Protein chains: 2
Amino acid sequence: MNYALNSTDNAAAALAAIRQMIETGKLPANGRLPTERDLAAELGCGRRIVRRALDALETEGLIWRKQGSGTFAGQPPDPTGALAAEIAPDADPLVVMEARLCIEPALADLCAKRATGEDVEKLRKLAHRASQPLDADTAELWDGALHRAIARIAANRVMLTAFALLDEVRMGSDWQEKRHRARSPETMTLYDRQHRDIIDAIERRDGQAASTAMRAHLEALSENLKTSMESSTE
Amino acid sequence: MNYALNSTDNAAAALAAIRQMIETGKLPANGRLPTERDLAAELGCGRRIVRRALDALETEGLIWRKQGSGTFAGQPPDPTGALAAEIAPDADPLVVMEARLCIEPALADLCAKRATGEDVEKLRKLAHRASQPLDADTAELWDGALHRAIARIAANRVMLTAFALLDEVRMGSDWQEKRHRARSPETMTLYDRQHRDIIDAIERRDGQAASTAMRAHLEALSENLKTSMESSTE
DNA sequence: GTGCCGAACCATTAAGCTATTGGTCCATGC
DNA sequence: GCATGGACCAATAGCTTAATGGTTCGGCAC
């Protein structure tokens, strides 16, 4: 595709061209788009125009830039990976679960204070997916997505980073192997019930109840984890 | 001082020599000690002996080593700096305080479950220092040390890392400037009272009460912060 | 044989250097 | 007024190189 602008160049045309460039997905795997200088050459306009268009797209949240590195489509990555990798190797699943019990009830409280109706809708959808009788791995993924969504809705950057750290440690540690996760139909329905309790409390803007419900849910998870670990050492 | 060993060389002598080297504090500021090869040459023994001695010291927790980097005295540093720096620039003091309200009560709970008598002693000493009528900056430092000690005693690596992150964001953000911290004698005595409440609860192994007391303390801090911010915008 | 030494090699790290890239400013021209 | 091209700055990534801990092996003394 040729993105060169015709003679009626203007900022709006450049913006549209770059936006199309992004949305048609004609980008390398890492989402990196051409340098500003290259874009200017390709579009046949000056760098100033390109920068203005990129400014708009950045404000829009469609791209992010880093001086010396480049311009990328999508969201800037979370730099929690290194930290998590440092902790994960010697992360006892019970320690991780204890940390979840510290952080997630508080997040549920904040979430209840800030969730919009739209947010609650999303949560319900995620809970529904997690409750479907798929294989254990998939259910785990949707469960993780639900908890992550609650953290995101809480809208506190510091807490979100702390949660991201916790989340990566949880997924990265060897515990992935240790999950015998005796996810019987009974526990599945229990978890679903607990998810609904949490979301109901969030919808009622009842932070206290959301926190309590989340705590109950995590304690059930913890209990399940303990029994599965004991049975694995037999 | 000459660390060269005499003719009755053995591993124990090398260990003692290196240990003395560390404990007498004859080291550069960063705690880096000579390379294994240099140590071997200086002590007049082989690298194998040096490595065995360093192994012992490492097991002892007196030193830590990193391939390609060197051997250092003390504890390995927490790598939370980069993450904190990423968040700090746009860290609203109120957001940070909200995060503290999420994390620190939970830490106080854990701390109450795990603190030894010795730990409680340390906490009391720190609280006493923070209550001395010094300048506001120094009081702030001792207060920070107290909260950090509670996090350390909680003995959950994941939570400790999360707290370290939070702590660095708190100290690193511009909010250092914004602290008008109207630390009147009244607030000082209030904070001291609250510190004592927290530590008393920890001593009683009453995690619930410790959590509640910590929450009350942080809410007082938050209130103080809000009023000082309002007055600064006048 | 046991234990140590010396040497060599590997894996990782840090530091320095260079090219690249976004961020900014300015003179010029339309 | 506004866009252009150019120049420069600041930050970054990639590469190279030297240094360091980690490991292995042959040799030697006891």
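As a basis for the values below, the full set of heavy atoms in this structure was taken, side chains included, without hydrogen atoms, waters or symmetry mates. Naming: A, B, ... by sequence-line order, numbering from 1 per chain. What you see is a predicted model; the values in this text were computed from it and never measured.
Heavy atoms of Gly68(A) sit under 4.0 angstrom from at least one base atom.
Under a 4.0 Å N-O distance rule, the pair Glu104(B)/Arg170(B) does not qualify as a salt bridge. Under 4.0 Å is where a charged nitrogen must lie from a carboxylate oxygen, and between Arg65(A) and Glu36(A) at least one such pair does. Taking 4.0 Å as the cut-off between side-chain N and carboxylate O, Arg52(A) and Asp55(A) do not count as a salt-bridged pair.
Rounding to whole angstrom units, CZ of residue Arg32(A) and P of dT21(C) are separated by 7 Å. Rounded to a whole Å, the CG atom of Leu33(B) is 12 Å from the P atom of dT20(D). Atom pair Glu42(B):CD and dC5(C):P shows a separation of 15 Å (rounding to whole Å applied). Here the C1' atom of nucleotide dG3(C) and the CD1 atom of Ile49(B) are 8 Å apart, to the nearest Å. Atom CH2 of Trp64(A) and atom P of dG23(C) are 12 Å apart (whole Å).
At distances below 3.5 Å, at least one donor-acceptor pair connects side-chain atoms of Arg32(A) with backbone N or O atoms of Ser69(A).
The side chain of Arg48(B) contributes no N or O atom lying less than 4.0 Å from OP1 or OP2 of dG3(C). Distances shorter than 4.0 Å separate some side-chain N or O of Arg51(A) from OP1 or OP2 on dG23(C). Proximity of Thr71(B) to the phosphate of dT20(D): no side-chain N or O atom is located under 4.0 Å from OP1 or OP2. Look at Arg52(A) and you'll find a side-chain N or O under 4.0 angstrom from OP1 or OP2 of dA3(D).
Ranking dC9(C), dT13(C), dT23(D) by closeness to the Ser69(B) side chain, first place goes to dT13(C). Listed candidates were dT12(C), dT21(C), dT24(C). Nearest to the side chain of Gln67(B) is dT12(C).
Not a single donor-acceptor pair, N or O on each side, falls under 3.5 Å between the base of dG6(C) and the side chain of Arg37(B).
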